[in-house]
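The block underneath contains the structure these notes are about, expressed in structure tokens.
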Amino acid sequence: MNSVALDHLMADVAQLDDPQVHVVRRVVAQVRGSADAKDAYSLLGECDEAQLRQIRNIVDSMLRPIDEFINPQSDLVSDAFSAEFKARLQAHHGTHTTPLDRLAFENALAASCLVEGMTVELAPSKTTRFWDLRVNGDQISAKSTSAKGIKLHELHTSKLSEAAWIQDCRSARMRYDGTMRLFEEFLGAVQRWIVLRAFKLRSAPGTLVYELVEIPMALVSAVRGLGVQDFSSDAPRIDVRDEQGMTLQLVLDRSDSKVTIQKIPKDRCVVHGTWKLAGEYSGPLIAG
């Protein structure tokens, strides 16, 4: 990249907001192997052509408009959170056409909570069961999905937990006891369950939609109301309800030794925020 192009890049960076600039500085420092993001601009002149193209793509992505909606009732997302989260999404799509994966989502969520002034701790290890980060004392399970089977009005988890014990269950009582133990452990470990969904609507296939949705733990705890008789099938698929109606469908999958939760009504969840990016991105195409 010649000096004129480098000047143009710097001029475009000057148009970005503070969270976007912070992300650009971090990227420049990373590609140059520096721990000092504050010194990032002086490092631009040391970048090779490939590194500058990567940074150029990220800046171009950040200059493209993005529509956002923040739920005014959200206790998680506000302007500062959304600005940081949006910058992370745009930076990701400067170099990727695929949606944010789970690890990138966890990092974006943690960074966005930090700019809100929240206390954030990551789980002790990547193998910590059920929860991924602790925010203001609440342990959060953070999931991301862009599965082909995603539905506009329902949430689905491909795997709540591996459950090899299912293979050894030969009675309704054994399946019931194993499921109750699993959910008591999950409910004891997780205070908030937050999912990032990525999809495209058939009515607007050129736009990738991100939804940040929280599944209330009360919907999950309704599993405690099940009885032994609900587990009579070798591979139970149980509709769980409370006084307001359907909360979820619980599936014990013997073939894959896993417990799945699906058909969670989105209208019983909290959509904290929505971000829409126009561009040639991949993602499941759904009705809407």
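A quick note: this is a predicted structure, and the numbers were derived from the prediction, not measured.
- With salt bridges taken as basic N to acidic carboxylate O contacts below 4.0 Å, one links D60 and R56.
- Judged by distance alone, the side chain of T157 and the main-chain N or O of I261 form a donor-acceptor pair under 3.5 Å.
- With rounding to the nearest 0.5 angstrom, the CD1 atom of I238 is 6.5 Å from the CG atom of L252.
- Side-chain N/O atoms of R129 and S161 include a donor and acceptor closer than 3.5 Å.
- When all heavy atoms of C113 and V120 are compared, the pair lying nearest together is CB-CG2, 3.7 Å.
- Clustering ILVMFWY residues whenever any of their side-chain heavy atoms sit less than 4.5 angstrom apart, transitively, puts V77 in a cluster other than the one holding V271.
- In this pair, F231 and Y176 present their aromatic rings perpendicular. The plane angle is above 60°, beyond the 30 to 60° band.
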Checklist entry - Do H93 and Y210 pass the ring-ring contact (aromatic ring centres under 6.0 Å, His included) test, and can you show the C-alpha distance, the side-chain angles, and the key distance before you say yes or no? => result CA-CA 12 Å; H93 285 293; Y210 281 99; 5.8 Å; yes
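- Using a 4.5 Å cut-off between side-chain heavy atoms of Ile, Leu, Val, Met, Phe, Trp and Tyr, with links allowed through other members, M62 and Y281 fall into different hydrophobic clusters.
- From C269, atom SG reaches atom CD1 of I194 across 11.5 Å, with rounding to the nearest 0.5 Å.
- With contacts defined as side-chain heavy-atom distances shorter than 4.5 Å, the pair V135/T119 does not qualify.
- Applying the 6.0 Å contact sphere to NZ of K258 captures more than 12 heavy atoms from other residues, nucleotides or ligands.
- No side-chain heavy atom of V259 sits under 4.5 Å from any side-chain heavy atom of K159.
- Between F199 and L285 the shortest side-chain heavy-atom distance does not fall below 4.5 Å.
- Side-chain contact between F183 and R224: absent, with no pair of heavy atoms (C-beta onward) separated by less than 4.5 Å.
- When every heavy atom of A198 is checked against every heavy atom of P99, the shortest pair comes out as CB-CB, 3.6 Å.
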Checklist entry - Can you list the steps and then say if R173 with D177 is a salt bridge (Lys or Arg N to Asp or Glu O under 4.0 Å)? => result CA-CA 6 Å; R173 167 59 67 179; D177 289 345; 3.3 Å; yes
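- Formation of a donor-acceptor pair under 3.5 Å by the D230 side chain with backbone atoms of G227 is found in this model.
- Side-chain N/O atoms of S82 and E68 include a donor and acceptor closer than 3.5 Å.
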Item to check | Steps toward side-chain contact (heavy atoms from CB on, under 4.5 Å) verdict (L100, L196) | outcome: CA-CA 9 Å; L100 233 60; L196 182 68; 4.0 Å; yes
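- At a threshold of 4.0 Å, the pair D79-K86 does not count as salt-bridged, since none of the basic side-chain nitrogens sits closer than that to a carboxylate oxygen.
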Next on the checklist: Set out, in order, the CA-CA distance, both residues' side-chain angles and the distance that settles side-chain contact (heavy atoms from CB on, under 4.5 Å) for R197 and I150, then state yes or no.
Outcome noted: CA-CA 8 Å; R197 295 163 21 110; I150 197 168; 3.7 Å; yes
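- Atom-to-atom distance recorded for Q20:CD and I58:CD1 is 11.5 Å, nearest 0.5 angstrom.
- L248 is listed as a side-chain neighbour of V223, based on a closest heavy-atom distance under 4.5 Å.
- The two residues M174 and R170 come nearest to each other via the heavy atoms SD-N, 3.6 Å.
- Clustering ILVMFWY residues whenever any of their side-chain heavy atoms sit less than 4.5 angstrom apart, transitively, puts I66 in the very cluster that holds F81.
- Using a distance-only test at 3.5 Å, with no hydrogens or angles considered, a donor-acceptor pair links the side chain of Q51 to the main chain of D48.
- Closest heavy-atom contact between L76 and M118: O-CE, 3.7 Å.
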Checklist entry - Under the side-chain contact (heavy atoms from CB on, under 4.5 Å) criterion, do F105 and L212 qualify, and how do the steps go? => result CA-CA 10 Å; F105 169 49; L212 190 65; 3.6 Å; yes
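- Between Q191 and I140, the closest side-chain pair of non-hydrogen atoms is not below 4.5 Å.
- Atom CG of L109 and atom CG of L114 lie 9.5 Å apart (nearest 0.5 Å).
- The pair E84-R88 meets the salt-bridge criterion, since a charged nitrogen lies less than 4.0 angstrom from a carboxylate oxygen.
- Formation of a donor-acceptor pair under 3.5 Å by the N107 side chain with backbone atoms of A110 is not found in this model.
- Distance alone, capped at 3.5 Å, is enough to place a donor-acceptor pair between the H96 side chain and the H92 backbone.
- Atom CD of residue Q139 and atom OG1 of residue T128 lie 9.0 Å apart, to the nearest 0.5 angstrom.
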Item to check | side-chain hydrogen bond (donor to acceptor under 3.5 Å, both in side chains) between Q90 and S61, intermediate numbers included | outcome: CA-CA 6 Å; Q90 291 172 311; S61 176; 5.8 Å; no
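- Counting heavy atoms from C-beta outward, K151 and H156 have side chains that stay 4.5 Å or more apart.
- Minimum heavy-atom separation, A80 to V115: O-CG2, 3.6 Å.
- F186 has its ring centre no less than 6.0 Å from the ring centre of W131.
- Residues L52 and V23 fall within the same hydrophobic cluster, defined by Ile, Leu, Val, Met, Phe, Trp and Tyr side chains chained together at heavy-atom separations under 4.5 Å.
- Counting only distance, with no hydrogens or angles, the side chain of S74 and the backbone of N71 share no donor-acceptor pair below 3.5 Å.
- Taking 4.0 Å as the cut-off between side-chain N and carboxylate O, K143 and D132 do not count as a salt-bridged pair.
- Not a single donor-acceptor pair under 3.5 Å links the side chain of E214 to the backbone N or O of V270.
- For D138, the CG atom sits in a packed shell: over 12 heavy atoms of surrounding residues, nucleotides or ligands are nearer than 6.0 Å.
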Next on the checklist: One pair to check against side-chain contact (heavy atoms from CB on, under 4.5 Å): R175 and D234. What are the steps and the verdict?
Outcome noted: CA-CA 9 Å; R175 286 186 286 272; D234 284 343; 3.6 Å; yes
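- Rounded to the nearest 0.5 angstrom, L89 CG and K276 NZ are separated by 14.0 Å.
- Linking ILVMFWY residues whenever their side-chain heavy atoms come closer than 4.5 Å, directly or via other members, places V190 and I264 in the same cluster.
- Residues V28 and I55 form a side-chain contact, since some pair of their non-hydrogen atoms from C-beta on lies under 4.5 Å apart.
- Using modelled atom types and a 3.5 Å distance limit, the side chains of Q54 and N57 yield no donor-acceptor pair.
- Within the 3.5 Å criterion, the main-chain N or O of V240 finds a donor-acceptor partner in the side chain of T247.
- Heavy-atom contacts from other residues, nucleotides or ligands closer than 6.0 Å to CD of Q229 number more than 12.
- D253 and T260 share no side-chain donor-acceptor pair at under 3.5 Å.
- In this structure, E162 places its CD atom where only 12 or fewer heavy-atom neighbours from other residues, nucleotides or ligands lie under 6.0 Å away.
- For the pair K266 and E211, the salt-bridge criterion is met [side-chain N within less than 4.0 Å of a carboxylate O].
- Between L103 and K126, the shortest heavy-atom contact is CD1-NZ, 3.4 Å.
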